[in-house]
J.: 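One structure coming up, written as structure tokens, with questions to follow.
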Amino acid sequence: MVVRTRFAPSPTGFLHIGGLRTALYAYALAKHDGGDFILRIEDTDQKREVAGATEALQKILQKFGLQWDEFYIQSERQKSGIYQKAAEKLVEEGHAFYCQCEARNAHTDGYSTVLRDPCRDKNLTSGAIKLRVPDNETISYHDFAHKKDISWDSNTVYDATLLKSDRFPTYALAAMVDDLDMKVTHILRGHDWLPSTPIHLLVLKYLGGDMPKIGHLTDILSAETGKKLSKRRDSVFCEQFLEQGYLPEALLNFVALLGWAPKDNRELFTLPELVEHFDAKGFQDANPRFFLDKLKWFNGQYLRKKSDEELLPFIRQQAPKDASDKLLLQIIPLVKTRISLLSDFATLANFFFTRPVGVTLSGEDKSYLKVAEVVLKTCDWTKEGIETKLLESVKANSWKNMGFFAALRLATTGAKVSPPLTESMLILGRDETLTRVAQGLSR
RNA sequence: GGCCUCAUCGUCUAGCCUGGUCUAGGACAGCGGGUUUUCAUCCCGCUAACUUGGGUUCGAAUCCCAAUGAGGUCACCA
């Protein structure tokens, strides 16, 4: 039987880190088996929908290479009446009932959830539809992520709403109808769904069909608070990380290892490699914390792994608009090992595009520069030529390399720390280098 | 508060299912050193963990129970 998984976000905003991870695991689980990955938009709550969110979700998923095989929108499917029909069928079969109670909102009545709805035995024929939870039963399933059986006493499960009075289904109905209808074999979702699983199990059972396997992923905890990552407190959107200068493959690799690990503890995975090695046995039980240290390391790894040409489009975004590809291609190899974020490029390589300003040199520095100026004017303009001549004069004056090159570096790049000096001067050219040396001397 | 889940270095984790090879392995971070005209890369080394208490057993990080701690959830939201 071919594996079919789905990622089912509601279109309420950008894709957050946890969503990316869920999508990635669902994708890898399906693709490892040559199966199908489904993208399903869960927009049955009209009030919460954000315009453009669906398109943004699709775009970012594709940026990470998570291409879906099938695409559905619940509000579209709703029009055919499938959810309503399913709910009515459950009423007919005695597994659900009509209810005309006023809708409750979250926590308005404290923690005293009404388990058995007052309408369940009124035999109403219209209104919202709720699940008739059986008494004194054990509801259980095997969680394929946690690799263990989890169960509830049905007496602790409440009569959940399946169809709202606006005729739209709730998640409990729509997602289950769809998973059955779409022949989803593995439901992979966040841990926050675990408490409502008994409801879904009942709905799945009453609806009939092949029971999908269910697995719950760990929550990603905030590094600061230790609580579940929240959009309000933490920066969690994938788009933000990309803007900050992280490579998509680095983010993806980092996130892949937050809650999953292979037996051999390998860490570097491209998407195809992850698919190849993916195994549900590697799912973690404990909640990981969202510390960014390793993400930076991953980014450096991928930065260095990419060829200069592959890096070009990313670097171009960080460079001045009029910078030529030819120039950028010369600079990239010099900065590649020196940046961990793409956005570091600007500070490190700025001197290639604009002359350093506000640099003040000591008298000692200037005596170094005077000598350097003479050498630079006449030496061969090659790495060999520049370095041997410069070194010769340092030796002739019994100076130390450190101080001499620091002064020259400061004059040409405007900073104490920079990409390799000789290579940088070669890129700048003899004239520009000399101009900068002269400028340093004049201050 | 009820229900559910979880518990190995600061962090991500391997080991746990199928007890002994674990004086607990790797990676990131930190620290120290080497290479390097700066910085970085690269290389070498060091610091650092089985939550606690009971059991079971010749033997427990590994199995069982409890306590403690952590997280989640309790809507006509997903």
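All heavy atoms count here, side chains included; hydrogens, waters and symmetry mates do not. In the text below, chain A, chain B and the rest are named by the order of the sequence lines, each starting its count at 1.
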J.: Using the C1' atoms only, state how far rA14(B) lies from rG45(B), rounded to an integer number of Å.
T.: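 One C1' to the other, the span is 22 Å.
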
J.: Tell me the partner of rA49(B), counting only Watson-Crick (N1-N3 plus N6-O4 or O6-N4) or G-U wobble (N1-O2 and O6-N3) with both under 3.5 Å; none if nothing fits.
T.: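 For rA49(B), the partner nucleotide comes out as none, under the 3.5 Å rule.
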
J.: If we ignore angles and hydrogens, is there a donor and acceptor under 3.5 Å between the side chains of T156(A) and D153(A)?
T.: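 Short answer, no.
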
J.: Name the pairing partner of rC42(B), where a pair is Watson-Crick or G-U wobble with both distances under 3.5 Å, or state none.
T.: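 Base-paired to rG34(B).
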
J.: Are any of T44(A)'s side-chain N or O atoms less than 4.0 Å away from OP1 or OP2 of rA78(B)?
T.: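 Indeed, a polar side-chain atom of T44(A) lies that close.
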
J.: Considering only heavy atoms and no angle criterion, is a donor-acceptor pair shorter than 3.5 Å present between the side chain of T413(A) and the base of rU38(B)?
T.: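 Answer no: no donor N or O sits under 3.5 Å from an acceptor.
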
J.: Rounding to an integer number of angstrom, what distance separates rC50(B) and rC22(B) when you compare their C1' atoms?
T.: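 rC50(B) and rC22(B) have their C1' atoms separated by 10 Å.
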
J.: If only side-chain N and O atoms of K147(A) are considered, is one of them under 4.0 Å from the OP1 or OP2 phosphate oxygen of rC16(B)?
T.: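 Answer no for this pair, as no side-chain N or O of K147(A) is under 4.0 Å from OP1 or OP2.
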
J.: In whole Å, I'd like the distance from the CG atom of L295(A) to the P atom of rA29(B).
T.: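 Interatomic distance, CG of L295(A) to P of rA29(B): 12 Å.
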
J.: Think K164(A) has a side-chain N or O under 4.0 angstrom from the OP1 or OP2 of rC77(B)?
T.: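 Affirmative; the distance criterion is met.
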
J.: Look at the side-chain N and O atoms of K416(A) and state whether any lies under 4.0 Å from the OP1 or OP2 oxygen of rU38(B).
T.: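 For rU38(B), OP1/OP2 do not have a side-chain N/O of K416(A) under 4.0 Å.
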
J.: Starting from the 5' end of RNA chain B, give me the residue, R338(A) or W193(A), whose nearest nucleotide shows up first.
T.: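 First, find each residue's nearest nucleotide; the 5'-ward one identifies R338(A).
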
J.: Classify the side chain of T170(A) versus the base of rC76(B) as yes if they form a donor-acceptor pair under 3.5 Å and no if they do not.
T.: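 Absent.
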
J.: When you measure from the side-chain N and O atoms of K263(A) to the phosphate of rG15(B), is any distance below 4.0 Å, counting only OP1 and OP2?
T.: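 Result: yes.
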
J.: Taking atom P in both rC3(B) and rC9(B), what distance in whole Å separates the two?
T.: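 Each nucleotide's P atom is 29 Å from the other's.
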
J.: Considering Watson-Crick and G-U wobble pairs with both distances under 3.5 Å, what does rU68(B) pair with?
T.: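 Because both required distances fall under 3.5 Å, rU68(B) counts as paired with rA7(B).
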
J.: Do the side-chain N or O atoms of K148(A) get closer than 4.0 angstrom to the phosphate oxygens (OP1, OP2) of rU5(B)?
T.: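 Checking K148(A) against rU5(B): at least one side-chain N or O falls below 4.0 Å of OP1 or OP2.
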
J.: Can you tell me, in whole Å, how much space there is between the P of rU51(B) and that of rA61(B)?
T.: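 Pairwise P distance, rU51(B) against rA61(B), rounds to 11 Å.
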
J.: Is there a Watson-Crick or G-U wobble partner for rG59(B) with both distances under 3.5 Å, and which nucleotide is it?
T.: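 Check on rG59(B): unpaired, no WC or wobble geometry under 3.5 Å.
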
J.: R304(A) has an atom CZ; how far is it from atom C1' of rU41(B), in whole Å?
T.: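 R304(A) atom CZ is separated from rU41(B) atom C1' by 6 Å.
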
J.: Do the side-chain N and O atoms of E387(A) and T422(A) include a donor-acceptor pair separated by under 3.5 angstrom?
T.: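 Note: E387(A) and T422(A) side chains meet the donor-acceptor criterion.
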
J.: From the list rC76(B), rA78(B), rU38(B), which nucleotide is the closest neighbour of the side chain of D45(A)?
T.: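 Ranking rC76(B), rA78(B), rU38(B) by closest atom to the D45(A) side chain puts rA78(B) first.
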
J.: Rounded to whole Å, please give me the gap between NE2 in H146(A) and C1' in rG71(B).
T.: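 From H146(A) NE2 to rG71(B) C1': 11 Å.
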
J.: Starting at the 5' end of RNA chain B and moving along, which residue's nearest nucleotide shows up first, D153(A) or F283(A)?
T.: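 Closer to the 5' end of RNA chain B: D153(A).
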
J.: Choose from rU38(B), rA29(B), rU73(B) the nucleotide whose nearest atom is closest to any side-chain atom of S418(A).
T.: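 Among rU38(B), rA29(B), rU73(B), the one nearest the side chain of S418(A) is rU38(B).
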
J.: Return yes if the base of rA27(B) and the side-chain atoms of K294(A) contain a donor-acceptor N/O pair under 3.5 Å, otherwise no.
T.: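 Looking at the base of rA27(B), it does pair with a donor or acceptor on the side chain of K294(A) (distance under 3.5 Å).
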
J.: If the P atom of rG15(B) is compared with that of rG26(B), how far apart are they to the nearest Å?
T.: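 Roughly 15 Å separates the two P atoms.
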
J.: Rounding to an integer number of angstrom, what distance separates rG55(B) and rU62(B) when you compare their P atoms?
T.: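 Result for the P pair: 15 Å, nearest Å.
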
J.: Are T412(A) and R436(A) close enough that a side-chain donor and a side-chain acceptor fall under 3.5 Å?
T.: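 Not at all, the side chains of T412(A) and R436(A) share no donor-acceptor pair under 3.5 Å.
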
J.: In whole Å, what is the span from the CG atom of N155(A) to the C1' atom of rG2(B)?
T.: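 After rounding, the gap between these two atoms is 13 Å.
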
J.: Given rG71(B), rU11(B), rA29(B), which nucleotide is nearest the side-chain atoms of R289(A)?
T.: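 Between rG71(B), rU11(B), rA29(B), the one nearest the side chain of R289(A) would be rU11(B).
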
J.: Report the nucleotide, chosen from rA75(B), rA78(B), rU38(B), that has the shortest atom-to-atom distance to any side-chain atom of Y158(A).
T.: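 Side chain of Y158(A) sits closest to rA75(B).
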
J.: Can you tell me, in whole Å, how much space there is between the C1' of rG69(B) and that of rA60(B)?
T.: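 The same atom, C1', in both gives a distance of 22 Å.
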
J.: Taking rU21(B) as the reference, what is the distance to rG59(B) when you measure between their C1' atoms (whole Å, please)?
T.: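 Their C1' atoms lie roughly 14 Å apart.
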
J.: Distance check: side-chain N/O of T156(A) vs OP1/OP2 of rC3(B), anything under 4.0 Å?
T.: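 No, because none of the side-chain N or O atoms of T156(A) sits under 4.0 Å from OP1 or OP2 of rC3(B).
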
J.: Tell me whether the side-chain N/O atoms of R266(A) come closer than 4.0 Å to OP1 or OP2 in rA27(B).
T.: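 Answer no for this pair, as no side-chain N or O of R266(A) is under 4.0 Å from OP1 or OP2.
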
J.: Over 60° means perpendicular and under 30° means parallel, so tell me whether W399(A) and F404(A) are parallel, tilted or perpendicular.
T.: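 The rings of W399(A) and F404(A) lie parallel, inter-plane angle below 30°.
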
J.: Would you call the rings of W260(A) and Y25(A) parallel, tilted or perpendicular if under 30° counts as parallel and over 60° as perpendicular?
T.: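 The rings of W260(A) and Y25(A) sit tilted, inter-plane angle from 30° to 60°.
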
J.: Are any of Q284(A)'s side-chain N or O atoms less than 4.0 Å away from OP1 or OP2 of rA14(B)?
T.: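 Yes, because at least one side-chain N or O of Q284(A) sits under 4.0 Å from OP1 or OP2 of rA14(B).
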
J.: From NE2 of H216(A) over to C1' of rA78(B), roughly how many Å is that when rounded to an integer?
T.: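 After rounding, the reported distance stands at 13 Å.
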
J.: Of all the choices, rG71(B), rC12(B), rC77(B), which nucleotide is nearest to the side chain of L221(A) once you look at every atom?
T.: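 Shortest atom-to-atom distance from the side chain points to rG71(B).
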
J.: Should the pair R77(A) and Y72(A) be classed as cation-pi, given the thresholds of under 6.0 Å to the six-membered ring centre and 45° from the axis?
T.: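 Cation-pi check for R77(A) and Y72(A): passes.
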
J.: Parallel, tilted or perpendicular for H216(A) and Y141(A), by the 30°/60° rule?
T.: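 The arrangement is perpendicular - the two ring planes meet at more than 60°.
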
J.: Can you figure out which of rC28(B), rC12(B), rC76(B) approaches the side chain of A103(A) most closely?
T.: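 So the side chain of A103(A) is nearest to rC76(B).
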
J.: Out of rC4(B), rU37(B), rA78(B), which nucleotide sits closest to the side chain of R48(A)?
T.: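 From the listed options, rA78(B) comes nearest.
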
J.: With the side chain of A286(A) defined as its heavy atoms from C-beta on, choose the nearest nucleotide among rA7(B), rU37(B), rC4(B).
T.: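 Per side-chain heavy atoms of A286(A), the pick is rA7(B).
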
J.: Look at the side chain of I150(A) and decide which nucleotide, out of rC4(B), rU11(B), rC76(B), has an atom nearest to it.
T.: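 Nearest to the side chain of I150(A) among the choices is rC4(B).
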
J.: May I ask you to check if R266(A) and F269(A) form a cation-pi contact, with NZ or CZ under 6.0 angstrom from the six-membered ring centre and within 45° of the axis?
T.: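 Geometry flag: set, cation within 6.0 Å and 45°.
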
J.: What is the distance, to the nearest angstrom, from the CZ atom on F254(A) to the P atom on rA29(B)?
T.: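 In whole Å, rA29(B) P and F254(A) CZ are 12 Å from each other.
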
J.: Quickly work out the E267(A) CD to rA27(B) P distance and round it to whole Å.
T.: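 Whole-Å distance recorded here is 8 Å.
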
J.: Which one, rU11(B), rA29(B), rA75(B), comes nearest to the side chain of T161(A)?
T.: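 Selected nucleotide: rA75(B).
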
J.: Return the value, rounded to whole Å, for the distance between atom CG of N265(A) and atom P of rC28(B).
T.: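 Computing the N265(A):CG to rC28(B):P distance gives 12 Å.
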
J.: In the strands shown, is rG1(B) matched to any nucleotide by a Watson-Crick or G-U wobble pair with both distances under 3.5 Å, and which?
T.: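 In the structure as shown, rG1(B) has rC74(B) as its Watson-Crick or wobble partner.
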
J.: Angle between ring planes, F278(A) versus F283(A), binned at 30° and 60°: parallel, tilted or perpendicular?
T.: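 It falls in the perpendicular class, over 60°.
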
